[in-house]
A.B. asks: 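One structure coming up, written as structure tokens, with questions to follow.
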Amino acid sequence: MTNLIEELQWRGMIQDIMPGTEEQLNKEMTTGYIGFDPTADSLHIGNLVPIILLNHLQRCGHKPLALVGGATGMVGDPSGKSEERNFLSEETLNHNLACVKKQLEKYLDFNSSKPNAAEMVNNYDWFKHISFLDFIREAGKHITVNYMMAKDSVKKRLNSDSGMSFTEFTYQLVQGYDYYWLYTNKQCRLQMGGSDQWGNIVTGTELIRRKTGGEAFAFTCPLITKADGGKFGKSEKGNVWLDPAKTSPYQFYQFWLNTADADAEKYIKIFTFLPKAEIDALIAAHTGNEHQRQLQKKLAEEVTCFVHSRADYEFAVKASEILFNNDTAEILAQLNEDQLLQVLDGVPTVNIAKSVLEAGADIVSLLADTKIMPSKGEARKMVQNGGISINKVKVEGIETSITASQLLNNRYLLVQRGKKHYHLVVVE
RNA sequence: GGGCAGUUUCCAGAGCGGCCAAAUGGGGCGGACUGUAAAUCCGCUGUCUACGACUUCGGUGGUUCGAAUCCACCACUGCCCA
């Protein structure tokens, strides 16, 4: 049994830890859990850290429980939120729950023949049987309001103008009860989470101690930050999702590849399972040769393979080469239709009628009509600034006209605005 | 309820009768350099049938040859007094 805490420590994944946690983990196979809130119909890369924590737990020979918050999702966690959250409708919640469960199955080993097989639990399953009165007698009696009010997440909101509803105030008790329930019914002895969860987690261990006299353990992982102060996990297009239908593997790969130097060392430790020796070697090789971006490439490779697949990764690399290398006009022209569409998967497309090109369309009108540029004025300026390329060839001058002879595979036109923005024009 | 100040293009903020599509800064977007980075430098940033035309300066009317600029009313915002 590998020492989990030691492993996580050098990776910089431990923020707070309850005394005795390491001893418990070294003593026996321990069951540990993390909760996932069904706030959307897909997990995003912010949820990747908890997934990886559970994965490490399992690799070290312990038993992970992934808890989906069917009940807690109905309440809303106030931690880190400055305002009261809106309720999700029941259908949305159920839909999200199903999606999240399906995703989680990909990342842990649920093969029940193993003693430390992962398990999925839904806290709605036990909360649906508990009446309000049962709850306030069973859980509420053991925790004082004074104790609950002392939590940071609560204090902040009490001092704010928006206040805090009774519902959200209760959240920590609901989550605390989860831990108590898992403690008594699943022999769960460990809870993990982001450091913003510390307050809620401690309420759980407190509840366990007061109700059963038993001891439960916990640790948290630092929240992921970016060196430039931006919010981690957002790309220009918004959240980076794990669902390939919402964020294509190519975009996912690009997100990691674009990691800033200042963050890369930290991220490769947290988001990959590479052993310490290999990471140290990579960092050493990267230092002084930052322009080669070895760290970013390895990071993007590992995470893309873990979340999607090796095939998806290889494809993303190929697509990146075609899209970003300069002398690829010829390669592009050689691709067949299938390859072309795969490389450009996720690129926004516009349809135009073939007749438009037969007479030769002037570049400015084409850009404006296809909505690639919002107006002719802007299209004109963009072309004059050298910001538009067709099929990887820069457009020179606003008099340029586009004809059917330029179509790739007789159907497609790859329009590029600036370095990173692509549009696929499909002729019908 | 009374008094004062304000409302300008994505944001902040100049302009106070013609020289205003409107200074400057920020942001955004391009280009060069680079590592699909940072920093730096350069350009663009109301629309169009584009060396010109058209529509914008809270709203509606008015004064004037001419208004973002002056007047009236309305709406909203901020500050002060009740």
Side-chain angles (χ1 to χ4, degrees), chain A residues 161 225-238 240 247-268 282-301 303-304 313-329 331-332 343-348 356 359-401 414-424:
Chain A
D161 297 334
T225 54
K226 284 197 343 185
D228 65 8
K231 195 168 161 32
F232 172 80
K234 298 269 182 194
S235 75
E236 312 165 39
K237 293 184 189 73
V240 177
T247 301
S248 74
Y250 164 73
Q251 289 165 341
F252 187 86
Y253 170 79
Q254 283 286 323
F255 171 83
W256 294 102
L257 190 65
N258 283 320
T259 304
D261 292 337
D263 293 320
E265 278 189 31
K266 189 169 72 185
Y267 290 180
I268 201 161
L282 273 166
I283 291 174
H286 181 253
T287 310
N289 298 304
E290 284 82 356
H291 62 284
Q292 292 173 2
R293 293 195 295 162
Q294 300 178 47
L295 270 185
Q296 283 92 335
K297 283 179 184 163
K298 193 66 186 171
L299 173 66
E301 174 185 344
V303 186
T304 309
Y313 156 73
E314 277 161 11
F315 204 80
V317 172
K318 193 168 154 200
S320 302
E321 276 168 12
I322 290 176
L323 261 30
F324 287 103
N325 286 3
N326 285 325
D327 305 316
T328 46
I331 302 174
L332 192 67
V343 168
L344 298 177
D345 180 42
V347 169
V356 176
D362 80 283
I363 183 70
V364 172
S365 314
L366 184 72
L367 290 172
D369 292 348
T370 52
K371 300 280 191 302
I372 292 172
M373 297 304 294
S375 73
K376 283 196 178 179
E378 281 199 45
R380 205 181 309 261
K381 283 163 194 157
M382 190 61 73
V383 172
Q384 281 166 344
N385 279 326
I388 297 291
S389 296
I390 302 276
N391 298 340
K392 299 294 292 183
V393 180
K394 190 168 280 192
V395 174
E396 307 284 351
I398 57 170
E399 305 305 326
T400 310
S401 81
L414 180 63
V415 181
Q416 183 180 4
R417 193 194 96 223
K419 263 185 223 171
K420 294 193 187 182
H421 302 275
Y422 288 89
H423 293 267
L424 186 64

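In the text below, chain A, chain B and the rest are named by the order of the sequence lines, each starting its count at 1.
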A.B. asks: Look at the side-chain N and O atoms of A:H291 and state whether any lies under 4.0 Å from the OP1 or OP2 oxygen of B:A38.
C.D. replies: no
A.B. asks: Do A:Q296 and A:D261 touch side chain to side chain, with heavy atoms closer than 4.5 Å?
C.D. replies: yes
A.B. asks: Under 4.0 Å, heavy atoms only, any strand: does A:L257 hit a base, just the sugar-phosphate, or nothing?
C.D. replies: base
A.B. asks: Assign each of A:N258 and A:R417 to its nearest nucleotide of RNA chain B by heavy atoms, then name whichever residue's nucleotide is nearer the 5' end.
C.D. replies: A:R417
A.B. asks: Under 3.5 Å, sequence neighbours excluded: what are the donor-acceptor pairs made by side chains of residues 369-377 of chain A?
C.D. replies:
residue: A:T370; atom: OG1; partner: A:L366; partner atom: O; Å: 2.7
residue: A:T370; atom: OG1; partner: A:L367; partner atom: O; Å: 3.2
residue: A:S375; atom: OG; partner: A:G377; partner atom: N; Å: 3.4
residue: A:S375; atom: OG; partner: A:E378; partner atom: N; Å: 3.2

A.B. asks: Return the value, rounded to whole Å, for the distance between atom CE of A:M382 and atom P of B:G30.
C.D. replies: 6 Å
A.B. asks: Taking only N and O in the side chain of A:K419, is any of them less than 4.0 Å away from OP1 or OP2 of B:A37?
C.D. replies: yes
A.B. asks: Indicate, with a heavy-atom threshold strictly under 4.0 Å, whether A:E290 touches base, sugar-phosphate, or nothing.
C.D. replies: base
A.B. asks: Please examine the side chains of A:Y253 and A:E314, heavy atoms only from C-beta on, and report whether any two atoms are closer than 4.5 Å.
C.D. replies: no
A.B. asks: What contact category does A:Q292 fall into here, base, sugar-phosphate, or nothing, at under 4.0 angstrom with non-hydrogen atoms?
C.D. replies: nothing
A.B. asks: Tell me the salt bridge (charged side-chain N to carboxylate O under 4.0 Å, His left out) pairs involving residues 288-298 of chain A, sequence neighbours left out?
C.D. replies: A:K298-A:E301, A:K298-A:E302
A.B. asks: So do the side chains of A:V303 and A:F252 get within less than 4.5 Å of each other, counting heavy atoms only?
C.D. replies: yes
A.B. asks: If you compare every side-chain N and O of A:R293 against the phosphate oxygens of B:A37 (OP1, OP2), does one of them come in below 4.0 Å?
C.D. replies: no
A.B. asks: Could you check whether A:K297 gets within reach of a base, just the sugar-phosphate, or nothing at all, counting any heavy atom under 4.0 Å?
C.D. replies: nothing
A.B. asks: For every nucleotide of nucleotides 41-50 of chain B, 5' to 3': is a protein heavy atom under 4.0 Å from its base (B), only from its sugar-phosphate (S), or from neither (-)?
C.D. replies: --SSS-SSSB
A.B. asks: Which is it for A:T400 and A:V383 under the side chain to side chain contact (heavy atoms under 4.5 Å, CB included) test, yes or no, and what are the steps along the way?
C.D. replies: CA-CA 10 Å; A:T400 310; A:V383 172; 5.7 Å; no
